[in-house]
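One structure, pasted below without further comment.
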Amino acid sequence: MTIDGISARTAAAPLAGRRRRSPWTFRVCIAILGVAVAAAVFAPLVAPYEPDATDFSAIWLPPGPGHWLGTDQLGRDILSRVIHGARPSLLGAIALLAFATVLGVLIGVVAAWRRGWVDTVLARITDVMFAFPGLLFVVLVIAVFDRGPATAVIGMGLAFAPLIAKFTRAIALEELARPYVDAYRLQGVGGVQLIARYLLPNLMPTLVGYLVVLFGEGLMSLASLNFLGFGAQPPSSEWGLMVQEGRAGVIQGVLGPALIPGLTIAVVVVATNVVGVRLSDKLAVRT
Amino acid sequence: MSEAVRVSDLTKTYPARRGGARVVAVKDVSFELAKGESLGLVGESGSGKTTLTRLLVGLARPDAGTIVIDGRTREGRERGRAARLRRAKEVQMVFQDPYGSLDRRMSVEAALRDVLRRHLPDPAKDTVRARISELMDHVGLSEKHLGSRPHELSGGQRQRVAIAKALAVDPAVLVLDEAVSALDVSVQAQILALLNRIRAETGVSLVFVTHDLAVVNEVTGQILVMYKGEAVERGVTAEVLRRPRHPYTDMLLSSAPGPNWQPERVAELRAAFAGTP
């Protein structure tokens with residue numbers, strides 16, 4: 001083998017590595033998320049039936065021409081319910097993430113900025129919050145307040161905040177060690193302005209990728225909360241709740257009402273994960 | 001009043017790591033620097049150069065000693081925007097790492113405008129624009145680089161931008177911490193020539209930190225040699241380099257590669273120095 005051949009092979013290796021993470025999966029996942037968001041936005045326009053229109057002459061129908069994905073125990077069209085369910089499901093996850101992000105980023109940045117005892121105290125608090133499994137924590141919050149979508153979102157947000165806080169603290173520490181931060185300080189930029197105007201925008205690219213991955217996890221956690229009946233209440237067609245209501249059919253051998261919303265959750269979660277991982281690669285910091 | 005900087009008996013000690021002794025980074029260092037003059041701060045790694053510069057610009061607080069810049073004593077505790085901006089006008093710094101010293105989100109123009117909006121007495125659009133082109137001219141960058149972001153610039157260009165940003169504040173003293181060490185020799189020479197010109201044109205005083213003696217000779221009139229946190233020799237650069245009085249300076253000089261350079265001799269001297277602290 002010639003030297004040229006070897007160098008050609010080694011040169012091709014990293015290219016092959018990039019190929020393996022080929023963009024078609026990424027594009028498919030973006031398309032899935034696009035469809036989910038479109039379904040949430042245009043639900044009344046695209047859904048063939050009203051989500052809670054019952055029809056007792058068509059109970060537990062299998063998928064067919066009239067009802068593409070069949071009907072549930074009250075004769076409601078499952079496709080329409082899944083489409084309408086995108087709204088509470090996605091909005092819930094977004095609200096959860098927004099709440100957790102505000103809280104987590106605040107804690108993380110303050111810990112990284114102040115260091116010393118502030119950092120230690122905040123780290124202990126987040127550790128204590130880590131010690132509770134997320135669901136248990138939410139049940140606690142719901143026991144104190146009342147069940148309902150808002151409580152579920154706030155409770156889950158509190159459970160997610162420590163994750164974001166830890167991540168933010170780590171990347172903020174790294175960023176604060178860069179000399180440009182000292183340069184801003186020497187220019188007479190105050191602490192609050194330095195964080196809000198210069199530090200946070202520089203953390204954003206790294207943070208966004210992480211948050212997209214967390215979005216999938218948040219969606220899943222909220223769905224399981226709703227499945228347990230702590231969040232959305234009937235007649236909402238939130239996906240987790242739909243799985244719960246569909247359980248009655250499983251015993252009778254009708255899988256559709258439970259399986260279809262469950263699959264929808266799984267597909268959307270996987271899609272956000274793929275997109276999130278790719279995004280954090282793409283947005284990786286250029287210096 | 002012709003003094004830009006007067007430092008007296010500056011001391012900084014870092015607390016002991018577990019099981020180790022306290023680290024005396026800077027011990028009883030004093031020096032003065034006249035307005036428009038330049039001082040070279042020389043020493044090996046670990047000699048306390050960087051700590052001294054951080055004390056000087058206010059990124060670290062001294063345990064003892066005073067720093068007077070531009071006729072005003074620098075206090076550790078000063079709060080409020082006005083105090084911060086005044087301190088900024090006293091001293092600015094250019095950092096060693098040309099890759100980390102610029103905000104990667106900002107184009108050259110945005111970065112300069114950001115500084116000027118904070119520090120120009122009259123931050124009108126036209127004055128800012130005029131000052132930006134003046135600064136770009138000062139540091140020898142063409143207008144076409146205004147739109148570039150840091151990752152599109154070379155190391156030398158970034159360091160020019162960093163210098164322009166520091167000058168935008170219009171400081172009395174400019175501290176350069178190993179500012180050319182990461183650049184290759186021909187770019188170094190350009191930046192050094194640039195610094196000499198800037199000093200002549202704007203009257204800013206320079207404190208130039210380096211381990212490279214050739215560089216010191218190029219830009220500084222005065223020299224301060226640091227060894228283990230102490231200032232061991234001080235004087236006019238050319239004289240000190242020609243006739244070093246302290247053995248450490250002598251050793252530094254013989255360490256530099258030159259016509260009669262003998263690596264074995266350097267190693268010997270170094271070993272001797274390590275034996276007799």
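Naming: A, B, ... by sequence-line order, numbering from 1 per chain.
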State whether a side-chain donor-acceptor pair under 3.5 Å links A/Glu175 with A/Tyr180.
->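 Yes, a side-chain donor-acceptor pair sits under 3.5 Å.
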Heavy-atom distance under 4.5 Å to chain B: side chain of A/Val189, backbone, both or neither?
->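 Both backbone and side chain of A/Val189 come within 4.5 Å of chain B.
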Residue pair B/His145 / B/Gln157, side-chain donor-acceptor N/O under 3.5 Å =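 Yes, because at least one side-chain N or O of B/His145 sits under 3.5 Å from a partner of the opposite role on B/Gln157.
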Sidechain-backbone polar pair: B/Arg160 side chain, B/Ile191 backbone, donor-acceptor under 3.5 Å |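 No.
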B/Val57 portion near chain A, given a 4.5 angstrom heavy-atom threshold |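 The answer is both parts of B/Val57.
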Which of these, A/Ile107, A/Leu103, A/Thr126, A/Asp127, sits in a side-chain contact (heavy atoms from CB on, under 4.5 Å) with A/Pro162?
->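 Going through A/Ile107, A/Leu103, A/Thr126, A/Asp127 one by one, the side-chain contact (heavy atoms from CB on, under 4.5 Å) with A/Pro162 is satisfied by A/Thr126 alone.
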Could you have a look at B/Gln92, B/Met93, B/Gln96, B/Glu90 and say which one has the most heavy-atom pairs with chain A under 4.5 angstrom?
->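 With the most close heavy-atom pairs to chain A, the winner is B/Gln92.
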Measure B/Arg54 against the heavy atoms of chain A and call it side chain, backbone, both or neither at under 4.5 Å.
->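 When you check distances to chain A, only side chain atoms of B/Arg54 fall under 4.5 Å.
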Which region of B/Arg118, side chain (C-beta onward) or backbone (N, CA, C, O), has a non-hydrogen atom less than 4.5 Å from a non-hydrogen atom of chain A, or is it both or neither?
->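 It is the side chain, since no backbone atom gets that close.
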In terms of heavy-atom pairs under 4.5 Å, which option from A/Gly188, A/Ala183, A/Pro179 contacts chain B the most?
->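 Winner by heavy-atom pair count: A/Pro179.
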Give the member of B/Val91, B/Val94, B/Val115, B/Leu85 that has the highest number of heavy-atom pairs under 4.5 Å with chain A.
->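 Winner by heavy-atom pair count: B/Val115.
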Short side-chain to backbone donor-acceptor contact, A/Lys166 and A/Gly104, under 3.5 Å |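 The answer is no, because no donor-acceptor pair under 3.5 Å joins these two groups.
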With a 4.5 Å heavy-atom cut-off, do B/Phe208 and B/Thr210 have their side chains touching?
->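 They are in side-chain contact.
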